[in-house]
Amino acid sequence: MRTALNRCVLAATGLALLAAGTWLATADPALGTRMPAWWPELSGDVTFLSPARVLDLRSRGWWTPTVLAASVAATALGALWCARQFHGGGRPLIALPAPGATVRARALEEAVARDAAALDGVARCRARVLAGRGRITVRLHLWLQPDTTPDAVLPGVTRLLGRAESAAAPCPVHGRVRLSARSHQVPHVR
């Protein structure tokens with residue numbers, strides 16, 4: 001909830017800044033002559049962006065379309081990024097081969113993670129199940145116990161993914177496995 005609220009506040013701030021920038025870019029050119037006295041100056045007679053320079057930029061034909069295009073592109077990219085953050089990456093319900101049968105993706109994740117964590121040599125497991133476009137993707141992140149080789153664990157993972165595929169048939173199941181090794185807990189002497 002806090003993440004969603006933060007993103008909404010960020011999006012509202014971005015839209016307000018976009019509106020202010022668009023208004024400044026498309027406002028009356030006489031606005032440049034009424035720049036505030038506090039407008040930043042770098043040193044002496046060299047200014048960051050003097051009122052005369054603003055008028056000069058706005059009088060050129062490329063200024064307004066460039067500013068508007070950049071603003072629209074930045075807004076579209078920001079909106080796309082924001083929308084991707086809210087998108088969960090899959091459907092909450094996965095249809096099973098039996099007529100009218102479905103399973104929650106979260107329940108399938110928990111079952112796969114529990115079975116994978118029960119394999120010999122696996123310290124813990126995190127699973128993510130994504131369903132869409134006629135296939136199911138199972139992403140497993142396995143933390144191996146010390147002195148366990150991936151060769152010892154992969155046959156069990158292959159059997160686990162095979163069971164998931166037979167349960168979801170005719171929908172194909174694609175598996176992605178990431179292996180991490182737990183380091184030896186060596187006590188430190190002080």
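This chain uses plain numbering: 1 for the first residue, then up along the sequence. The model shown is predicted, which means the values in this text are computed figures rather than measured ones.
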Determine all donor-acceptor pairs shorter than 3.5 Å in which one atom belongs to a side chain in residues 61-74; sequence neighbours excluded.
| unit_1 | atom_1 | unit_2 | atom_2 | d |
| --- | --- | --- | --- | --- |
| T66 | OG1 | W62 | O | 2.6 |
| S71 | OG | V67 | O | 2.8 |

All N/O donor-acceptor pairs, side-chain side in residues 151-159, below 3.5 Å, sequence neighbours left out:
| unit_1 | atom_1 | unit_2 | atom_2 | d |
| --- | --- | --- | --- | --- |
| T158 | OG1 | L154 | O | 2.8 |

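Every residue was checked against the side-chain hydrogen bond (donor to acceptor under 3.5 Å, both in side chains) condition with R176, not counting sequence neighbours, and none meets it. Scored by the side-chain hydrogen bond (donor to acceptor under 3.5 Å, both in side chains) test, E109 finds R128 as partners (sequence neighbours excluded). Looking at residues two or more places apart in sequence or on another chain, you find no side-chain contact (heavy atoms from CB on, under 4.5 Å) involving A12. Applying the side-chain hydrogen bond (donor to acceptor under 3.5 Å, both in side chains) test to R60 and every residue at least two apart in sequence or in another chain returns D56. Applying the side-chain contact (heavy atoms from CB on, under 4.5 Å) rule to R104 yields the partners L93, R106, A107; only residues at least two apart in sequence or on another chain are considered. Residues satisfying the side-chain contact (heavy atoms from CB on, under 4.5 Å) test with T13, not counting sequence neighbours, are V9, L17. Judged as a side-chain contact (heavy atoms from CB on, under 4.5 Å), and not counting sequence neighbours, the contacts of L160 are V112, D115, A116, L140, R163. For H174, the ring-ring contact (aromatic ring centres under 6.0 Å, His included) criterion is met by no residue, not counting sequence neighbours.
Put simply, OG on S180 and CG on L142 are 8.5 Å apart, with the number rounded to the nearest 0.5 Å. Separating the CG atom in L119 from the CG atom in L144 is a distance of 10.0 Å, to the nearest 0.5 Å.
The two residues V173 and A164 have their closest heavy-atom pair at CG2-O, 3.9 Å. Contact between V122 and Q145 at its shortest, heavy atoms only, is O-NE2, 3.7 Å.
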